Amino acid sequence: MFVGTWPLVRASWKHSRSTILSWASVVMLLSLLGVGLYDVLFPNPSDVESMQGAVDTNPALTLVMGPVGDLSSTDGLGAWLTVGLGAFFVGIGMALLTVRSSRGQEDDGQAELFASGVMGRGARLTSAVVIGTGGSLAAGVLTAIVAIVCGGTAETQLLVGAIVTVTGWIATALAAVAAQLGSEKQTASTLALGALSTLYVLRGFCYSLDLPEWTIWANPLGWMGQAEPVTQNIWWPLLLGVGFALVLVAIALFLQARRDFGAGALAPKPGPNHGKIRSAGALTWRLNRTNVITWIGVLFLLGVMFGYFTADAADTLGKNPAIQQLLTSGAASQDDFNTQVLVTELTILGVVAAIPGAQILFRLRIEETAYRIEPVLAAGLSRFRLFSSSVLLALASTATHLVLSGVLISLVSRAAGTDMGMRDVLAQTAATLPAVWFFVALAAFFVGIWPSGRPLTWVGIMASFLLTVLGPMLQLSDWVLSWSPFHHVPSVTGADPSWTGLAILGGVDVLLLAAAFVGYRRRDVNA
């Protein structure tokens, strides 16, 4: 069953090592920020106090990154950034890599070529799991080395590196199962990222609302936080993560042995005897409907969770001594903090909503490289209609995802007794849309002009998220923060919101889309 695994692992490693290094560099950068540049970013004790205050007065950061420890030391800040955010990014990278190395090979025909040789049925999936686990280990080891060299405590940083590794192993195992369930690469990637993102948000949700401890232990990603680096340095919770990953891999091998080659366990329904698609829009919807509906479910769940979090934010804020001091002094009001929480929530939801928007544009490129676009264009469909159908669906789906989440935040929070007005939430949601559409326009730009540059869209989404969430805490300059489109989203309920940045951002969106249409019309198909 596993004959030919190691030769395939060696070949896959040569093609995947640059990708692994790219994802590992993200977590190494966070470790470098927390440990290596700590004295540069915060040269004075007052700077540290200011950073701690910025974190304490924004409970949404706990929702994103987990519990906030003592940030007054290099180990404390480095562990919080790496465990709270860096490990998640490594998980995303390893999940995508595992799907590409297993399910992706079936979609592009490589798996059939491999199967014609001396290779067992389980060799491809096993090699993909080995690549994912090896990449996770490399990311964890490199992160620990960087932190120790920069002055971190060896015991703490080795544990932090181990947490990064085990998180990557869990993500790899989830992706291995998703690769057997999805009927194609994109569906499998959506399932894997959706499951990983849900576990990640649930972990922060439980921490931010001080839910019972059993809720943390019910979440595999919650086990990583129970290791308590810096304060306790407990290693045994990581064994639970290793065991969970092994169980998932066994399930994935079981499913692979019982599904048809080139199909998923969740096989799509057979099509009609006679085709019913008569327009470019219908074809685009048919290709992307599973993706759109799946992300509606993800954003629905996030909207409910964030609405509940908003409702309980008042109690959470009331227990925070730093916030109590600001409220007592009159420097801020409860509405100011509620607005800050809402803006942060919609920023997170905007980043999530941008993912399916970019996927819709990239699906068009996938159809090109699979040589399924040329026959459609030969039948009389213009490039403009084909490209515009994907762009319109991407814009409409991201708007639907974000508005749905905003409505749920308002409904759930008001049902819990808050005064979060629907009009204010929808207005803030509408103000966030141009920032989300920037990434849709960026994806369209790359598909239309430079298809090989598509990964830069994901880099932009990730960098924007990091700048928006961590930038203010790290006291980065406005010039640096302005590179994130979400930085230009004003608080519509504020005293004097500035719309200039949002207007400029909208203009940039239009220019990118215009260039994308011109480029797609002129470039060669499959080029």
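Basis for what follows: all heavy atoms, side chains included, without hydrogens, waters or symmetry-related copies. Source: prediction; values computed, not measured.
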Practice task
State whether the side chain of Glu368 and the backbone N or O of Glu374 hold a donor-acceptor pair below 3.5 Å, judged by distance alone.
Solution key: no
Exercise for the section: For the residue pair Met305 and Val412, establish whether any side-chain heavy-atom pair is separated by less than 4.5 Å. Expected result: no
Practice task
For residues Cys150 and Leu32, report the shortest heavy-atom separation together with the two atoms involved.
Solution key: SG-CD1, 3.7 Å
Problem - Worked verdict on Val201 versus Ile348 for side-chain contact (heavy atoms from CB on, under 4.5 Å) - result: CA-CA 10 Å; Val201 174; Ile348 298 169; 6.0 Å; no
Exercise for the section: Write out all pairs satisfying side-chain hydrogen bond (donor to acceptor under 3.5 Å, both in side chains) with one or both partners inside residues 459-468, taking only residues at least two apart or from two chains. Expected result: Ser464-Ser484, Thr468-Ser484
Practice task
For the pair Ser16 (side chain) and Thr19 (backbone), establish whether a donor and an acceptor sit closer than 3.5 Å, ignoring hydrogens and angles.
Solution key: no
Problem - Test ring-ring contact (aromatic ring centres under 6.0 Å, His included) applied to Phe362 and Trp458, Phe446, Phe439, the passing residue - result: Trp458
Exercise for the section: Answer whether the closest heavy-atom distance between the side chains of Leu426 and Val407 falls below 4.5 Å. Expected result: yes
Fill in the blank from the handout: Between Gly350 and Leu402 the two heavy atoms that sit nearest each other are N-CD1, 3.8 Å
Exercise for the section: Answer whether the closest heavy-atom distance between the side chains of His487 and Leu467 falls below 4.5 Å. Expected result: no
Exercise for the section: Apply the test side-chain contact (heavy atoms from CB on, under 4.5 Å) to residues Ile20 and Leu97: give CA-CA distance (whole Å), side-chain angles for both, the deciding distance (0.1 Å), then the verdict. Expected result: CA-CA 8 Å; Ile20 292 172; Leu97 182 61; 3.6 Å; yes
Handout entry: Point-to-point distance, once rounded to the nearest 0.5 Å, from CD1 of Ile504 to CG of Asp509
Key = 12.0 Å
Exercise for the section: Please tell me if the side chains of Leu199 and Leu174 come closer than 4.5 Å, counting only heavy atoms from C-beta onward. Expected result: yes
Handout entry: Smallest separation among heavy atoms of Val99 and Ser189, with atom names
Key = CG1-OG, 3.4 Å
Practice task
Keeping the roles fixed (side chain from Arg363, backbone from Leu287), state whether a donor-acceptor pair exists under 3.5 Å.
Solution key: yes
Handout entry: Minimal non-hydrogen separation, Phe88 against Ser197, with atom names
Key = CZ-OG, 4.0 Å
Practice task
For side-chain contact (heavy atoms from CB on, under 4.5 Å), just list the numbers for Thr167 and Val83, CA-CA rounded to whole Å, side-chain angles, deciding distance to a tenth of an Å, and then say yes or no.
Solution key: CA-CA 9 Å; Thr167 302; Val83 174; over 6 Å; no
Problem - N/O donor-acceptor pair under 3.5 Å between Thr190 side chain and Asn291 backbone - result: no
Fill in the blank from the handout: To the nearest 0.5 Å, atom CE of Met28 lies from atom CG of Leu142 at 5.0 Å
Problem - Heavy-atom side-chain proximity of Ile360 to Val292 below 4.5 angstrom - result: yes
Practice task
Measure the shortest side-chain to side-chain distance between Thr284 and Leu392 over non-hydrogen atoms and say whether it is less than 4.5 angstrom.
Solution key: no
Practice task
Take Thr500 and His488 through the side-chain contact (heavy atoms from CB on, under 4.5 Å) test and state the conclusion after the steps.
Solution key: CA-CA 8 Å; Thr500 303; His488 303 283; over 6 Å; no
Completion exercise
Applied to residues 496-519, the ring-ring contact (aromatic ring centres under 6.0 Å, His included) test, sequence neighbours excluded, yields Phe384-Phe517, Phe387-Phe517
Handout entry: Inter-residue atom distance Trp295.CH2 - Thr398.OG1, 0.5 Å rounding
Key = 13.0 Å
Problem - Student check: side-chain heavy atoms of Leu221 and Leu196 closer than 4.5 Å - result: yes
Exercise for the section: Drop me the distance from Asn288's CG to Arg286's CZ, to the nearest 0.5 angstrom. Expected result: 10.5 Å
Practice task
Using modelled atom types only, decide if a donor and an acceptor are shared between the side chain of Gln428 and the backbone of Val492 within a distance under 3.5 Å.
Solution key: yes
Problem - Val27 versus Ala139, closest heavy-atom pair with distance - result: CG1-O, 4.3 Å
Completion exercise
Distance col, row Leu512:CG vs Trp437:CH2, nearest 0.5 angstrom, shows 14.5 Å
Handout entry: Sidechain-backbone polar pair: Arg454 side chain, Ala358 backbone, donor-acceptor under 3.5 Å
Key = no
Completion exercise
Interatomic distance, OG@Ser382 vs CZ@Arg521, rounded to 0.5 Å, equals 9.0 Å
Practice task
Please work out whether the ring planes of Phe465 and Phe89 are parallel, tilted or perpendicular, with thresholds of 30° and 60°.
Solution key: perpendicular
Exercise for the section: Identify the two heavy atoms, one from Tyr520 and one from Leu386, that lie closest to each other, and give their separation to 0.1 Å. Expected result: OH-CD2, 3.8 Å
Practice task
Please examine the side chains of Thr82 and Val164, heavy atoms only from C-beta on, and report whether any two atoms are closer than 4.5 Å.
Solution key: yes
